[in-house]
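Here is the structure we will look at, set down as structure tokens.
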Amino acid sequence: MKKNILLAFATILICSTAMMSQDLVEVFPGFEGKGFAMLAWGDFDGDGDLDLIKGVDTFLIVTKTFLYRNDGGGKFTLVENTGIPDLSNGDFDFADYDNDGDDDLLAMGAGINVNITAVFISNGDGTFTNANANIIDKVDLGTCNWTDYDGDGDLDIFITGFLDDGDNSTYVSRLFQNDGSGNFTNVENTGIQGVSYSSAAWADIDHDNDLDLYLQGLAWTGETDISIIYINNGDNTFTPAFEFLPLWLGDATWVDYDNDDDYDLMISGFNTNAGTRVTFLYKNTGSDFIRVADNIVGVSQSAFSWADYDLDGDMDFFIVGVEVIGNPMLAYIYENLGNDVFEQSSYEFTGNWFGDAAWADYDNDGDPDLVYTGQEFSGNNAIHTYRNDIITSTGEISGHSLLIYPNPTSESITLKGMNGTTGRIEIIDVLGNIVWSQDNLEQNKINIQRLKSGVYFLRLENEQKITITKFVRQ
């Protein structure tokens, strides 16, 4: 169900608005398409646009890390001599952990001669310095996340995967607590099972102001594969609360797809016992998780990414992977029609597996663009980039661009000329996530202190008319 939201302004009239199309145009910004890949977007140079990192493995022979600087205008430049090692079969995650205005990198995976897990501090110029943080080394075939699990305002680290330690090799799930000065301590006896070929996602699902964990993956010999929600007890321990079909070789994320202000769960992957590939979407009812939208294709060796790509006020997703070994891989966008119903879009994509996918507004025009990568059925290793042209012009109010001030700002934004409005107003991040929304805004000031530093878009909608304006949270 597409939404038409009436915004009644007390003192102003929308005179011209953004023209809408629904075109995803494949573009070629210079990314190299090589091998089984992992992707992450982040602003490593602090210039307000998103840069891209990619780690690849070409037929288990050539391991390489590619860092691309966003030069604006849809152009990217490959950055050389970054200080980041060549990695594959792992994960990247960007975040500004030292609070200096540019994004630092958490990286793990298989290096040229040894597995690596490390924090790399961005120097702001395309080079990175190993922070020599006290975190585990020699891990691959897993995932890594920045997460403030203890709610103390600094970023902690969570890592899963295969720990290659000779006779003591095993699968691990390790949590590293930030002491506030950038030093990390391994938290013992968390209650979280070690897994590999894994996926992890953090969210506060029980509204107690700390982050809970969903984890899926392949278990070590003698243990059981898992797909479990672990509730954060607030004392560095976690308790299994909800268990799902055990999965590995897949993906997982929390998303509020139904706009009810709680986190729903989407998972995909391979179940060993049944030999099946699944994609499940679970609706959070407040006390349980109920499966919905059973028409979503089941895939493993998979990746998916959520964003409101059509800017209709709800979250859609792109998914890629393999449904049946020996058949061509699949790639689809599923559009959110409301009422727990999703429908495949008419867009056609080349499928792949053992890759990654991510929506991100890399051209800063207010709509999320798509990048995905992996190996295709033909054996070709490719990366595909689609620019979203749903917004083709900028909306205006009373003949002038909608004014947000101050801009940039760190505390609040004021919307010029607005004395309150009924309807829905949204703030969207550059990944296409709705990070704030409200109906019936009673004043023209919005507190943005809880937002992370970066570029955001304020979105106003009036029936088929949409106005989007960019602002920067310092």
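Computation of the quantities below employed the complete heavy-atom set of this structure, encompassing side-chain atoms and omitting hydrogens, waters and symmetry-equivalent molecules.
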Can you confirm whether [X] sits close enough to [Y] that some side-chain heavy atom of one is under 4.5 Å from a side-chain heavy atom of the other?
X: Leu458; Y: Ile425; answer: yes
X: Leu213; Y: Asn232; answer: no
X: Met108; Y: Ile135; answer: no

Check: Using 30° and 60° as the class limits, which term best fits the ring planes of Phe244 and Phe242: parallel, tilted or perpendicular?
Finding: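 Rings of Phe244 and Phe242: parallel, as their planes differ by under 30°.
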Next item on the list: Determine the interplanar angle of the Phe280 and Tyr282 rings, folded into 0 to 90°, and report it as parallel if under 30°, tilted if 30 to 60°, perpendicular if over 60°.
Entry: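 Taking Tyr282 first and then Phe280, their aromatic rings stand perpendicular (interplane angle over 60°).
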Exercise: identify the closest heavy-atom pair between [X] and [Y]:
X: Asn284; Y: Asp260; value: O-OD2, 4.0 Å
X: Phe176; Y: Phe184; value: O-CD2, 3.8 Å
X: Ser437; Y: Glu426; value: CB-CG, 3.8 Å
X: Ala357; Y: Ser305; value: O-CB, 3.8 Å
X: Ile192; Y: Ser173; value: CG2-CB, 3.7 Å

Item checked: Phe94 atom CZ: more than 12 heavy-atom contacts under 6.0 Å ->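 Buried by this count: over 12 neighbours within 6.0 Å.
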Notebook entry, point to check: Is it true that atom NZ of Lys283 has more than 12 heavy atoms of other residues, nucleotides or ligands lying nearer than 6.0 Å?
Noted result: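 Yes.
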Notebook entry, point to check: Which residues pass the salt bridge (charged side-chain N to carboxylate O under 4.0 Å, His left out) test with Arg387, sequence neighbours left out?
Noted result: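 Expected list: Asp389.
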Next item on the list: Carefully, step by step, assess Phe318 and Tyr372 under the rule ring-ring contact (aromatic ring centres under 6.0 Å, His included).
Entry: CA-CA 9 Å; Phe318 173 83; Tyr372 73 100; 4.8 Å; yes
Next item on the list: Would you sort out whether Asp86 and Thr63 count as a side chain to side chain donor-acceptor pair (under 3.5 Å), showing the intermediate values?
Entry: CA-CA 6 Å; Asp86 292 324; Thr63 295; over 6 Å; no
Next item on the list: Verify whether one side chain among Glu335 and Tyr309 offers a donor that lies under 3.5 Å from an acceptor in the other.
Entry: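 The criterion, which ignores hydrogens and geometry beyond distance, is satisfied for Tyr309 and Glu335.
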Notebook entry, point to check: Hey, mind stepping through Tyr263 and Asp204 against side chain to side chain donor-acceptor pair (under 3.5 Å) and telling me if it holds?
Noted result: CA-CA 8 Å; Tyr263 288 100; Asp204 181 11; over 6 Å; no
Checklist line | Sequence-distant partners of Thr77, side-chain hydrogen bond (donor to acceptor under 3.5 Å, both in side chains), two or more places apart | finding: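 Testing Thr77 for side-chain hydrogen bond (donor to acceptor under 3.5 Å, both in side chains), a comparison that skips the adjacent residues, returns Asp71.
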Side chains of residues 286-304: which donor-acceptor pairs under 3.5 Å do they make with residues two or more places apart or in other chains?
residue: Asn295; atom: ND2; partner: Phe342; partner atom: O; Å: 2.8
residue: Ser300; atom: OG; partner: Arg277; partner atom: NE; Å: 2.9
residue: Ser302; atom: OG; partner: Ser268; partner atom: OG; Å: 2.8

Check: Looking at Asp340, Asp316, Asp264, which one forms a side-chain hydrogen bond (donor to acceptor under 3.5 Å, both in side chains) with Tyr257?
Finding: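 Checked Asp340, Asp316, Asp264 against Tyr257; only one passes side-chain hydrogen bond (donor to acceptor under 3.5 Å, both in side chains): Asp340.
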Item checked: Candidates Trp202, Tyr230, Tyr149, Tyr214 - the one meeting ring-ring contact (aromatic ring centres under 6.0 Å, His included) with Phe158 ->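 Exactly one pass, corresponding to Trp202.
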